[in-house]
Protein chains: 2
Amino acid sequence: MNAVNNIVFFEAASKVLKALGHPERLKIIELLQTGEQTVGRIQQGIGLSQPVTSQHLRFMQNNNILASRKEGTSTYYSLASDMIRKLLECMNSCRLDLETGEMQMKDIFPESKRSKHE
Amino acid sequence: MNAVNNIVFFEAASKVLKALGHPERLKIIELLQTGEQTVGRIQQGIGLSQPVTSQHLRFMQNNNILASRKEGTSTYYSLASDMIRKLLECMNSCRLDLETGEMQMKDIFPESKRSKHE
DNA sequence: CACCAATATAGCAATTCTCATATATATGTC
DNA sequence: GACATATATATGAGAATTGCTATATTGGTG
């Protein structure tokens with residue numbers, strides 16, 4: 001693993017993280033954990049409008065978080081990579097730690113005040 | 001774990017992920033894996049200007065990714081939570097999978113074309 | 001072909017990010 | 001107090017993100 005590959009990795013990984021960094025998108029990802037879903041079902045599942053749902057899906061597909069396949073008039077979206085699955089596992093493990101009290105909500109939820117520029 | 005907590009979790013987690021979703025910030029986080037560092041050292045380590053470095057650090061602190069303490073004229077930043085450490089572990093594990101060929105770069109790096117709206 | 005259902009895209013306004021430059025603050029030393 | 005060092009903040013410009021409304025596309029059915 002050389003420096004160049006490191007840079008590539010950071011670039012790639014940060015895109016993935018950024019694409020995950022939106023509450024609705026995170027919900028979508030969770031939804032897809034159990035398998036592929038159509039746009040319609042995803043939309044129902046998270047309660048967003050159809051265009052916004054589509055936009056999030058496209059965004060995630062462009063960042064290689066999701067893959068899709070068409071069947072008739074439907075499009076099925078699914079998790080695209082092992083990395084996503086690993087990250088999801090990690091998130092779920094954290095959520096479990098919260099439930100068991102092993103981790104505190106304050107450990108991940110900022111109560112900090114923001115200045116204008118964050 | 002009820003619905004409300006889920007929402008809180010998604011909100012919190014997505015902020016964390018978003019704050020991690022920037023190549024330079026990811027580098028900073030990696031740098032801090034081995035322990036706290038001053039702003040100066042971090043700046044050297046990643047090669048950014050002092051103000052930009054400070055801004056990234058503030059952003060991450062506001063999103064509870066980092067903690068800081070002052071000593072003399074220096075400020076030491078460090079990883080703020082177990083969640084971050086877990087996510088870091090996960091990322092490093094993925095990087096290892098890349099090295100061993102267990103995972104392919106294409107699994108996390110998008111080659112997809114972008115439309116105007118991503 | 002007309003029409004419907006499912007999904008995608010365009011275009012726009014508001015907000016947020018990111019980086020750069022300039023300036024401020026705080027601490028330590030002489 | 002004058003000054004240097006380390007860090008933070010203000011501010012502004014350009015880009016990216018987000019969600020909305022309207023419209024387009026595509027496949028299936030009669």
Side-chain angles (χ1 to χ4, degrees), chain A residues 10-11 14-29 31-32 36-63 65-78 110 112-118, chain B residues 10-11 14-29 31-32 36-63 65-78 110 112-118:
Chain A
F10 281 123
E11 293 287 340
S14 63
K15 280 189 185 183
V16 167
L17 291 168
K18 185 178 177 186
L20 285 175
H22 186 289
E24 310 300 341
R25 292 202 290 261
L26 213 43
K27 279 183 214 164
I28 292 176
I29 293 287
L31 242 170
L32 294 177
E36 64 174 12
Q37 293 287 344
T38 64
V39 177
R41 281 200 175 283
I42 294 169
Q43 188 192 336
Q44 288 177 350
I46 58 174
L48 287 180
S49 75
Q50 183 270 316
V52 170
T53 305
S54 238
Q55 283 160 17
H56 282 308
L57 292 171
R58 179 174 55 172
F59 187 91
M60 289 191 278
Q61 186 166 23
N62 283 340
N63 287 282
I65 287 185
L66 297 184
S68 70
R69 74 181 177 86
K70 298 210 166 193
E71 189 179 312
T73 70
S74 307
T75 310
Y76 290 82
Y77 282 88
S78 58
S112 15
K113 62 293 141 206
R114 309 285 157 69
S115 66
K116 189 183 170 193
H117 248 62
E118 281 272 301
Chain B
F10 280 124
E11 293 287 340
S14 63
K15 281 189 185 182
V16 167
L17 291 168
K18 186 178 177 186
L20 285 175
H22 187 290
E24 311 301 340
R25 291 201 290 261
L26 213 44
K27 279 182 214 165
I28 293 175
I29 292 288
L31 244 171
L32 294 178
E36 63 175 12
Q37 294 286 345
T38 65
V39 177
R41 280 201 175 282
I42 295 169
Q43 188 191 336
Q44 287 178 350
I46 58 174
L48 286 181
S49 74
Q50 184 270 316
V52 170
T53 305
S54 237
Q55 282 160 18
H56 281 309
L57 292 171
R58 179 173 54 172
F59 187 91
M60 289 192 279
Q61 186 164 22
N62 282 340
N63 287 281
I65 287 185
L66 297 184
S68 70
R69 74 180 177 86
K70 298 211 168 193
E71 188 178 313
T73 70
S74 306
T75 309
Y76 289 82
Y77 282 88
S78 58
S112 15
K113 61 293 144 207
R114 309 284 155 69
S115 67
K116 189 180 169 194
H117 249 60
E118 281 271 300

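It should be emphasised that the depicted structure is a prediction, and the values quoted were computed from it without experimental measurement.
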Visitor: Return the nearest nucleotide to the side chain of B:V39; candidates are C:dG28, D:dT7, C:dA6.
Guide: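 The nucleotide sitting nearest to the side chain is D:dT7.
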Visitor: Quick check for you: among D:dT21, C:dT16, D:dA10, whose closest atom lies nearest to any side-chain atom of A:Q55?
Guide: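 Given the options D:dT21, C:dT16, D:dA10, the side chain of A:Q55 is closest to D:dT21.
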Visitor: For A:T53, answer base if it contacts any base atom (sugar-phosphate contacts may also be present), sugar-phosphate if it contacts only those atoms, and nothing otherwise; contact means non-hydrogen atoms under 4.0 Å.
Guide: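 A:T53: no heavy atom of the nucleic acid under 4.0 Å.
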Visitor: Is B:S74 touching bases, backbone alone, or none of the nucleic acid, heavy atoms closer than 4.0 Å?
Guide: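 If one applies the 4.0 Å heavy-atom cut-off, B:S74 turns out to touch the sugar-phosphate alone, with no base involved.
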Visitor: As an exercise, state the distance from CD1 of B:I42 to CD1 of B:I28, rounded to the nearest 0.5 Å.
Guide: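 Here the rounded value is 6.0 Å.
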Visitor: Distance from A:E71 atom CD to A:T38 atom OG1, nearest 0.5 Å?
Guide: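 One finds 10.5 Å between CD of A:E71 and OG1 of A:T38.
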Visitor: Considering only D:dT18, C:dC19, C:dA20, which nucleotide approaches the side chain of B:S49 most closely?
Guide: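 Of D:dT18, C:dC19, C:dA20, C:dA20 is nearest to the side chain of B:S49.
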Visitor: The side chain of A:P51 lies closest to which of these nucleotides: D:dA22, C:dT7, C:dT21?
Guide: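 In terms of side-chain proximity for A:P51, the closest of D:dA22, C:dT7, C:dT21 is D:dA22.
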Visitor: So does A:K18 get a side-chain nitrogen or oxygen closer than 4.0 Å to the phosphate oxygens (OP1/OP2) of D:dA16?
Guide: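 For A:K18, the contact criterion (side-chain N or O under 4.0 Å from OP1 or OP2 of D:dA16) is not met.
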Visitor: Assuming nearest nucleotide by heavy-atom distance, tell me which of B:T75 and A:E71 is located more 5' along DNA chain D.
Guide: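 With B:T75 and A:E71 compared, the 5'-side residue is B:T75.
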Visitor: What does B:Y77 touch in the nucleic acid at a heavy-atom separation under 4.0 angstrom: a base, only the sugar-phosphate, or nothing?
Guide: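 If one applies the 4.0 Å heavy-atom cut-off, B:Y77 turns out to touch the sugar-phosphate alone, with no base involved.
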Visitor: So if I take every side-chain heavy atom of B:T73 and compare against D:dA6, D:dT9, C:dA20, which nucleotide ends up nearest?
Guide: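 Among the listed nucleotides, the one closest to the side chain of B:T73 is D:dA6.
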Visitor: Kindly say if A:R58 contacts the phosphate of C:dT9, meaning a side-chain N or O under 4.0 Å from OP1 or OP2.
Guide: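 So the side-chain polar atoms of A:R58 do come within 4.0 Å of the phosphate oxygens OP1 or OP2 of C:dT9, strictly under.
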Visitor: Would you indicate what A:R41 reaches in the nucleic acid, counting non-hydrogen atoms under 4.0 angstrom: base, sugar-phosphate, or nothing?
Guide: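 Since no nucleic acid heavy atom lies under 4.0 Å of A:R41, the category is nothing.
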Visitor: Please confirm whether the shortest side-chain N or O distance from B:H56 to OP1 or OP2 of C:dC19 is below 4.0 Å.
Guide: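 Answer yes for this pair, as a side-chain N or O of B:H56 is under 4.0 Å from OP1 or OP2.
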Visitor: Using 0.5 Å steps for rounding, measure from the CG atom of A:L57 to the CD atom of A:Q43.
Guide: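 That separation rounds to 9.5 Å.
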Visitor: What is the separation between atom CD on A:E24 and atom P on D:dG19, rounded to the nearest whole Å?
Guide: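 A:E24 atom CD is separated from D:dG19 atom P by 7 Å.
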Visitor: Looking at B:H22, does any N or O in its side chain come under 4.0 Å of the phosphate oxygens OP1/OP2 on C:dC19?
Guide: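 Indeed, a polar side-chain atom of B:H22 lies that close.
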Visitor: Please state how far atom CD in A:Q50 lies from atom P in D:dT26, giving the value in whole angstrom units.
Guide: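 Spelled out: CD on A:Q50 to P on D:dT26 is 15 Å.
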Visitor: Rounded at 0.5 Å granularity, tell me how far NE2 in B:H22 sits from NZ in A:K15.
Guide: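 So the NE2 of B:H22 and the NZ of A:K15 are separated by 12.0 Å.
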Visitor: Can you tell me the distance, in whole Å, between the NZ atom of A:K15 and the P atom of C:dT18?
Guide: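 To the nearest whole Å, that distance equals 14 Å.
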Visitor: From C-beta outward on A:F59, which listed nucleotide comes closest to its side chain: C:dC19, C:dT9, D:dT18?
Guide: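 For A:F59, the side-chain atoms sit closest to D:dT18.
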